[in-house]
Amino acid sequence: MSEAGPEPSVGWARAFLAPRVPAYVLATFLVMLGWYGMYTFLGTALEYRYGSGSSLTGVMGAS
């Protein structure tokens with residue numbers, strides 16, 4: 001009595017066939033690349049700017 005619903009997708013890679021999804025994935029990748037690229041050197045930059053020890057630099061980075 002029940003009708004069959006839409007056929008389930010074969011895999012997660014089929015999501016890239018949807019319109020604009022590759023652009024969204026690329027934009028997200030570039031934002032994350034920028035964020036983690038900056039975050040990598042944040043401790044060194046704070047230590048250079050404020051001349052503090054590593055424990056204070058960690059507190060400044062966490063806030």
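What's counted below: heavy atoms across the whole structure, side chains too, no hydrogens, waters or symmetry copies.
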Does the plane of the ring in Y39 sit parallel, tilted or perpendicular to the ring in Y36? Use 30° and 60° as the thresholds. perpendicular
Between atom OG1 of T28 and atom CG of L33, what is the distance when rounded to the nearest 0.5 Å? 12.5 Å
Do L42 and V31 share a hydrophobic cluster, counting only Ile, Leu, Val, Met, Phe, Trp and Tyr and linking them when any side-chain heavy atoms are less than 4.5 Å apart? yes
